[in-house]
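The next block holds one structure in the form of structure tokens; read it before the comments.
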Amino acid sequence: MKLIILIVFIFIIAVQSAELPSISTKRVQRNCSFSVRQHRCPPLARLAKVVTAGSVQLLNELSGTFWIGLIYIGTPPQKFYVDFDTGSSDLWVSAPSCGKACGGTNHYYSNKSTTYRPVGVPFEIHYGDGSYAKGKFDNDTCTVGGKAVKGQLFAEATSGSGLENYTRDGLLGLAYPLESSGETPLFFNMYKQGLIPQPIFGFYFHPYRHHIKFTQNGKLTVGGVDTTKYIAPITYAPVILKGYWEFSMNSVSVSNTKVCSSGCYAIADTGTTLIVGPPSQVNKLNALIGGIYIAAYDTFFVDCSRKLSSFPNVTFTISNQRFVITPLQYIRIFGDNNTYLCTTAFQGADDRDSSKRPIWILGDYFLVRFYSIYDIGKNRVGFAKSVSYSFLQTVPSSLFKG
Ligand SMILES: *[C@@H]1O[C@H](CO)[C@@H](O)[C@H](O)[C@H]1NC(C)=O
Ligand SMILES: *[C@@H]1O[C@H](CO)[C@@H](O)[C@H](O)[C@H]1NC(C)=O
Ligand SMILES: *[C@@H]1O[C@H](CO)[C@@H](O)[C@H](O)[C@H]1NC(C)=O
Ligand SMILES: *[C@@H]1O[C@H](CO)[C@@H](O)[C@H](O)[C@H]1NC(C)=O
Ligand SMILES: *[C@@H]1O[C@H](CO)[C@@H](O)[C@H](O)[C@H]1NC(C)=O
Ligand SMILES: *[C@@H]1O[C@H](CO)[C@@H](O)[C@H](O)[C@H]1NC(C)=O
């Protein structure tokens, strides 16, 4: 009993002294292995350097098409708005020579950073929408969510195509390292450098509010999750192929009809707006909703005058848990002044993983409803119902009356 009281007393002193600027590192780094009460060691050790999770506020850009947030590169820090993309692995920002062609307004000036180290290897990345960026690799300190990752390899884009209308200055890839490049993506270095307590990150997106741009309605948490943004339980699915955040789904169904019932693979992709799937399956899905394909827009339209109750739910079953998307969550409404067009958020595309398997891309229309967690330690993806699951877009009173 006495021993315990004494230890508690010492512990309190240690905690108090830790608040003083001159913390005794000798005490903190004491040899624990022969301590009578070993479990006292870890909390004391942590006092030396408290590692906590960090976060980045995300803003809606362009009609809720995607979210951007601030990162910093160099010393002193230069700021950039980037799209955080779990569907790619590179970090790049615009170089001065790209002008407006790489999007955004901020450019990286390597000659203004004391921590810049040239690398010089050429860089080139092509995205699913046909856009691309080209440039060269650099090495500098990159700060995300208050975590300064030292010696990070990234690219400065000196030319680009299809990027000029974006408000973002670059892209930050959060997928697995590319086998070919030997490059360590930023989040992996953040964990390796001991800047975060856990090797996980989580995304919260609030659905787009019509006509309100740049509201702070998303949050990326690095080194943890934001438990205030989802409702438990979290359902995990193992990553089946490290590249994308790829996992198996049991099925995809519309009401009780399965449009995919075996060999259903999906990736969680914050960099994709819609929910994309293999064309034959998406055609079937849209047909069951009543979607009509119009090739000129590569989009499925639905009749906005139909009764809402005539639209079915769409369910993605992952690790035997049902993730339901309801009509007002998947119907996109465009237009003004009683001239409206309605489309679905389901698009067909023949996307494949590196093993050539067809994949579904669960983009923002899914991730807005389900908080997503990415775990590089246990190699799994987690989903939980978002606190904004029930937030629905405002529907003009003239719609869905039929
Ligand atoms: C802790 O002390 C023991 C006994 O003196 C020693 O064998 C061991 O190597 C020490 N461990 C560390 C990490 O210093
Ligand atoms: C720094 O780089 C920019 C863009 O390449 C260039 O315009 C500027 O003159 C350079 N500044 C110095 C001091 O070299
Ligand atoms: C970046 O530069 C630092 C300092 O020269 C070096 O230690 C580190 O290995 C470099 N990182 C990469 C990815 O090349
Ligand atoms: C950018 O906007 C201009 C003007 O609206 C348009 O002509 C151009 O096609 C757009 N570029 C891309 C890549 O969408
Ligand atoms: C659709 O899903 C929602 C949310 O889970 C549920 O409240 C509703 O009853 C479902 N509708 C049908 C027709 O199953
Ligand atoms: C909608 O109506 C308002 C007021 O009559 C008008 O100012 C606006 O230009 C109209 N918008 C469109 C897209 O027709």
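Atoms within each ligand, like the ligands themselves, are counted from 1 in listed order.
- Numbered from 1 in the order shown, with element, the atoms of ligand 3 that lie under 4.0 Å from a heavy atom of G151 read 1 (C), 11 (N), 12 (C), 13 (C).
- Less than 4.0 angstrom separates atom 2 (O) of ligand 3 from at least one non-hydrogen atom of the protein.
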Would you check, one step at a time, whether the test ring pair (Phe, Tyr, Trp, His ring centres under 6.0 Å) holds for F205 with W67? CA-CA 8 Å; F205 298 117; W67 280 260; 4.5 Å; yes
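- Taking atom 8 (C) of ligand 3 as the reference point, the nearest protein heavy-atom neighbour is N139 ND2, 3.7 Å.
- The distance between the ring centers of F316 and F323 does not fall below 6.0 angstrom.
- For atom 7 (O) of ligand 2, the closest non-hydrogen atom on the protein side is Y109 CE2, 5.0 Å.
- Residues Y109 and Y116 place their aromatic rings such that the two centres sit no closer than 6.0 Å.
- In this structure, atom 4 (C) of ligand 3 lies nearest to the protein heavy atom R117 NE, 4.0 Å.
- Under the 30°/60° scheme for interplanar angles, the aromatic rings of Y374 and W245 are found to stand perpendicular.
- Per-residue contacts place Y389 under 4.0 angstrom from the following atoms of ligand 5 (heavy atoms of the residue considered): 4 (C), 5 (O).
- Looking only at protein heavy atoms, the nearest one to atom 6 (C) of ligand 5 is N313 ND2, 4.2 Å.
- Here the protein heavy atom with the shortest distance to atom 5 (O) of ligand 2 is P96 CG, 4.4 Å.
- Residues F366 and F383 place their aromatic rings such that the two centres sit under 6.0 Å apart.
- Considering OG1 of T221 and NZ of K229, their distance stands at 8.5 Å, rounded to 0.5 Å.
- Below 4.0 Å from some heavy atom of N111 lie the following atoms of ligand 2, by number and element: 1 (C), 2 (O), 3 (C), 8 (C), 10 (C), 11 (N), 12 (C), 14 (O).
- When distances from atom 12 (C) of ligand 5 to the protein are checked, a heavy atom turns up under 4.0 Å.
- Aromatic rings of Y371 and F203 (six-membered ring for Trp) have centroids beyond the 6.0 Å cut-off, not under it.
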